[in-house]
Amino acid sequence: MSAQELVIFDLETTGLSPAGDEIIQIAAMRMMDGRAIQSDTFFSYVNPVQSIPPWISFYTGITEKDVRNAPPIGPVLRDFSQFVGGATLIAHNGHRFDMRFLAASCQRYQLNIRPVPYYDSLGLSWILWGRQGYRHGLDDLVNRLGISPTGVRRHDARGDVHLLAQAVEKMWEQVCATYGQPNLELYHGVLPLVAAA
DNA sequence: GCTAGGCAGGAACCCCTCCTCCCCT
């Protein structure tokens, strides 16, 4: 891959199924040429149609009170799409989780869509440590890479994006140092179409 | 670590189906 603009993002949802669960939080951070830009971020709660299951509130710390006055998914995803612009997305397990939620939400709420390229940061971990023999969860990456999670609220999209951005920076650097250019699979997903300014 | 779904990949087998694991909330 050549120098490029990435948007690292993370979703919190009401469960694991894109078909039946909903997004309740989106956070993202821009990354230019392998460096995360701490000041260039996106964040929003989302007011879901369904209530938040208690175990999700326990897991994420996100409660009904947090989302009560938040905008619905349509405007949030359009704002997010605007923030992403022409960048390539990257999320951890995004191929099987986050991007499916984005696609399902666009379909469920009949949002006009545009194609968006994305990477899955799991791929960077697989390149560095091999798919077998290592675990590749975000906590495992943070531990292996020596990233300090102190002061970071894990399972909150802002906290997870903060950790993932550091992890992607380090993995990107290591992969480039070892292999030159990362041979990372580029996938294609969707985001809402945003009217041209 | 509890709850949920489902892909990806491997095994067994002959090309689909079944099974198990990973990873996300």
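First the proteins, then the strands, lettered A, B, ... as listed; each starts at 1.
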Open item on the list: Is it the case that the base of dC22(B) and the side chain of Arg96(A) share a donor-acceptor contact (distance under 3.5 Å, atom types as modelled)?
Closed with: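 Counting by modelled atom types and ignoring angles, a donor-acceptor contact under 3.5 Å is found here.
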What's the closest nucleotide to the [X] side chain, out of [options]?
{"X": "Thr13(A)", "options": "dC23(B), dT25(B), dC24(B)", "value": "dT25(B)"}
{"X": "His95(A)", "options": "dC23(B), dC24(B), dA8(B)", "value": "dA8(B)"}
{"X": "Phe58(A)", "options": "dC23(B), dT25(B), dG1(B)", "value": "dG1(B)"}
{"X": "Trp55(A)", "options": "dT3(B), dC24(B), dC23(B)", "value": "dT3(B)"}

Open item on the list: Testing the 3.5 Å rule here: is there a donor-acceptor pair between the side chains of Gln25(A) and Asp156(A)?
Closed with: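 Result is yes, a qualifying pair exists.
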- [ ] Using distance alone, with no hydrogens and no angle criterion, decide if Ser81(A) and Arg114(A) have a side-chain donor and acceptor under 3.5 Å apart.
- [x]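 A pair is found: one side chain offers a donor N or O, the other an acceptor, under 3.5 Å apart.
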How many whole angstroms separate atom [atom1] of [X] from atom [atom2] of [N]?
{"X": "Asp21(A)", "N": "dC23(B)", "atom1": "CG", "atom2": "P", "result": "21 Å"}
{"X": "Asp140(A)", "N": "dC24(B)", "atom1": "CG", "atom2": "C1'", "result": "13 Å"}
{"X": "Leu122(A)", "N": "dG9(B)", "atom1": "CG", "atom2": "P", "result": "11 Å"}
{"X": "Ile26(A)", "N": "dC24(B)", "atom1": "CD1", "atom2": "C1'", "result": "15 Å"}
{"X": "Gln50(A)", "N": "dT3(B)", "atom1": "CD", "atom2": "P", "result": "19 Å"}
{"X": "Asp156(A)", "N": "dC24(B)", "atom1": "CG", "atom2": "P", "result": "16 Å"}
{"X": "Tyr119(A)", "N": "dC24(B)", "atom1": "OH", "atom2": "C1'", "result": "21 Å"}
{"X": "Asp120(A)", "N": "dA8(B)", "atom1": "CG", "atom2": "P", "result": "11 Å"}

[atom1] atom, [N] versus [M]: distance in rounded Å?
{"N": "dC18(B)", "M": "dC14(B)", "atom1": "P", "result": "13 Å"}
{"N": "dC19(B)", "M": "dC7(B)", "atom1": "C1'", "result": "13 Å"}
{"N": "dC15(B)", "M": "dG1(B)", "atom1": "C1'", "result": "40 Å"}
{"N": "dG5(B)", "M": "dC21(B)", "atom1": "C1'", "result": "14 Å"}
{"N": "dC13(B)", "M": "dG9(B)", "atom1": "C1'", "result": "16 Å"}
{"N": "dC16(B)", "M": "dT3(B)", "atom1": "C1'", "result": "32 Å"}
{"N": "dC23(B)", "M": "dG10(B)", "atom1": "P", "result": "14 Å"}
{"N": "dC2(B)", "M": "dT17(B)", "atom1": "C1'", "result": "31 Å"}

Task: Ring centres under 6.0 angstrom apart (Phe9(A), Phe42(A)) - done: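 That pair fails the under 6.0 Å test.
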Open item on the list: Quick check on the 6.0 Å ring-centre criterion: do Tyr119(A) and Tyr187(A) meet it?
Closed with: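 Distance test on ring centres: not under 6.0 Å, no.
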Open item on the list: Would the distance check show the side chain of Asp120(A) and the main-chain N or O of Gly94(A) forming a donor-acceptor pair, the cut-off being under 3.5 Å?
Closed with: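 Yes, because the side chain of Asp120(A) sits within donor-acceptor range (under 3.5 Å) of the backbone of Gly94(A).
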What's [X] touching, base or sugar-phosphate or nothing? Going by heavy atoms closer than 4.0 Å.
{"X": "Ile24(A)", "answer": "nothing"}
{"X": "Asp10(A)", "answer": "sugar-phosphate"}
{"X": "Phe101(A)", "answer": "nothing"}
{"X": "Asp160(A)", "answer": "sugar-phosphate"}

Open item on the list: Check the phosphate of dG9(B) against Arg131(A), side-chain N and O only, distance under 4.0 Å to OP1 or OP2. Yes or no?
Closed with: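 Arg131(A) to dG9(B) OP1/OP2: side-chain N or O found under 4.0 Å.
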Open item on the list: Which is more 5' along DNA chain B, the nucleotide nearest Ser17(A) or the one nearest Glu12(A)? Just name the residue.
Closed with: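 Result of the comparison: Ser17(A).
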Open item on the list: Strictly by Watson-Crick or wobble contacts shorter than 3.5 Å, is anything paired with dG5(B), and which nucleotide is it?
Closed with: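 Paired with dG5(B), as far as the under-3.5 Å criterion goes, is dC24(B).
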TODO: Return the orientation label for the Tyr45(A) and Phe43(A) ring planes: parallel under 30°, perpendicular over 60°, tilted otherwise.
DONE: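 Taking Phe43(A) first and then Tyr45(A), their aromatic rings stand perpendicular (interplane angle over 60°).
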Task: Separation between CG of Leu122(A) and CE of Met171(A), rounded to the nearest 0.5 Å - done: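 That separation rounds to 8.5 Å.
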